[in-house]
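Here's the structure we're looking at; comments come further down.
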Amino acid sequence: MSDFAEIILEGKSYKLPIVEGTENEKAIDINSLRAESGYITLDSGYKNTGATESAITFLDGEEGILRYRGYPIEQLAEKSSFIEVAYLLIYGSLPTEEQLNDFTNKIKIHTLVNEDMRKILDGFPSAAHPMGILSALVSSLTAFYPESLNPNQKKEELDLSIVRLMAKMPTIAAWSYKNSIGHPVNYPKNKLDYCSNFLHMMFAYPTEDYEINPVVVNALNKLLILHADHEQNCSTSTVRLVGSANASLYSSVSAGISALWGPLHGGANQAVIEMLEQIIADGGDSKKFIAKAKDKNDPFRLMGFGHRVYKNFDPRATIIKKAADEVLTALGVKDPILDIAKELEEAALTDPYFVDRKLYPNVDFYSGIIYRALGIPTDMFTVMFALGRLPGWIAQWKELREQKEPIGRPRQVYTGEQERNYVPMNER
């Protein structure tokens, strides 16, 4: 194959370099196209545009492959911990025992947030969406740690910013939930591991400790790993774009949280539960809604089935399905909504209509079931997503800085009015 592509514009030929990744992904480098020809490319939604070369995550939707730094997601979910995966994503390699212990201990040291942040939290009404609180409080970390605004931080200073964010995000997330239900906040217990500590801050009452269930902790650990990064999606690209302006880690991640908040991105597992509630409200006949989903003239769509990236199957779904079954069994949850979910799952896995179209349950379907079983309200689902995605955002922001990528500046094709003269108001 030639090492360049040729494009002919107005009779003139332009040669553009071919770039090939380590997994044989191929791209046409158009960096010089506008300068040489005056043309730009138009790609609404950037669906076919590579904005960067990244060494963090490899995703092949056709083959159902997801790897972090080369490691298959199946192996990491089975054998690793969320903190170990976070280290892998952020620093590029699996940690030694000493490195992991050091990273873990540093996170534990910084789980507390400045007490003045409580004043900001108290300013939010109880009806405030937890994602709005999360985004605001993460952004406010720049006020408490103004040194993070320096785009030329030394390595040890940057590492401290990273550790602080990894440590404080669960505290802020849990506090956003407590605010929404009008409960007093719980402070972290650093004798607990990362996931157990978060569950304690979410669910402990002032008069009693939260009973740590290892099945629940294991399921949460897997969910966070599965969501830790997913290549150049909307929120990750937002983090990189904001970071390209030399914005701080905290403000860049805050922007990513806001992007994730959009229902077309982070709201998929919430949409699953809302769909199940709709079926229950209609009488609970899952077969009726399966038939509606098959009817191309019916606007109803099954949420949590199929995936816009994975054209065959979502590799994360197989992993989390087992965890969902274990959680439901361990907790003995009796919930008609979860019963409907199991009926839809069975239909999707056996009905030829769904099988032929590869409309299998995806990770959002099962994560919604798990969060529902744990008693996490639907408006906290996206916060849970953000908690898992945090190390990926950090890794992507850090990589952008290390590669000294230029500030992002997309182009456009203007379709508005041509030049016209101002008309005084009395002549309009």
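Keep in mind that the numbers below use all heavy atoms, side chains included, and drop hydrogens, waters and symmetry copies.
- Phe381 and Tyr371 have tilted rings, their planes meeting at an angle from 30° to 60° on a 0 to 90° scale.
- Put simply, the side chain of Arg372 never gets that close to the backbone of Gly368: no donor and acceptor are under 3.5 Å apart.
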### Query
Stepwise, does the side chain to side chain donor-acceptor pair (under 3.5 Å) test hold for Asn233 with Ser235?
CA-CA 6 Å; Asn233 51 77; Ser235 59; 3.0 Å; yes
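- Salt bridge status for Lys287 with Asp285: absent, with no side-chain N to carboxylate O gap under 4.0 Å.
- Taking the six-membered ring where tryptophan is involved, the planes of Tyr194 and Phe82 are tilted, since the angle between them lies from 30° to 60°.
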### Task
Step by step, work out the side chain to side chain donor-acceptor pair (under 3.5 Å) result for Gln403 and Glu53.
CA-CA 9 Å; Gln403 294 180 170; Glu53 294 180 63; over 6 Å; no
### Query
Could you go step by step and tell me if Ser254 and Ser135 meet the side chain to side chain donor-acceptor pair (under 3.5 Å) rule?
CA-CA 5 Å; Ser254 174; Ser135 178; 2.9 Å; yes
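- Judged as a side chain to side chain donor-acceptor pair (under 3.5 Å), and not counting sequence neighbours, Thr318 has no contacts.
- Panel note: side chain Glu62, backbone Tyr310; no donor-acceptor pair is recorded below 3.5 Å.
- Using a 30° and 60° split on the angle between ring planes, Phe300 and Phe289 fall in the perpendicular class, above 60°.
- Ring pair Phe365/Phe305: centre-to-centre distance below 6.0 Å.
- Ring geometry for His230 against His307 counts as perpendicular: the plane angle is over 60°, on a 0 to 90° scale with 30° as the lower cut.
- Inter-residue side-chain proximity for Leu276 and Leu344 is flagged as met; some heavy-atom pair is nearer than 4.5 Å.
- Under a cut-off of 6.0 angstrom, the local environment of CD in Glu98 is sparse, with at most 12 non-hydrogen atoms contributed by other residues, nucleotides or ligands.
- Counting only distance, with no hydrogens or angles, the side chain of Thr104 and the backbone of Leu100 share a donor-acceptor pair below 3.5 Å.
- Of the possible donor and acceptor atoms, one in the side chain of Lys168 sits under 3.5 Å from a partner among the backbone N and O of Leu112.
- Between Phe385 and His265, the two ring planes are perpendicular [angle over 60°; tilted spans 30° to 60°].
- Residues meeting the ring-ring contact (aromatic ring centres under 6.0 Å, His included) test with Tyr39, sequence neighbours left out: none.
- Within the structure, no pair that satisfies the side-chain hydrogen bond (donor to acceptor under 3.5 Å, both in side chains) test touches residues 172-186, not counting sequence neighbours.
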### Query
side chain to side chain donor-acceptor pair (under 3.5 Å) between Trp397 and Ser252: does it pass, once the steps are laid out?
CA-CA 8 Å; Trp397 181 91; Ser252 299; 3.3 Å; yes
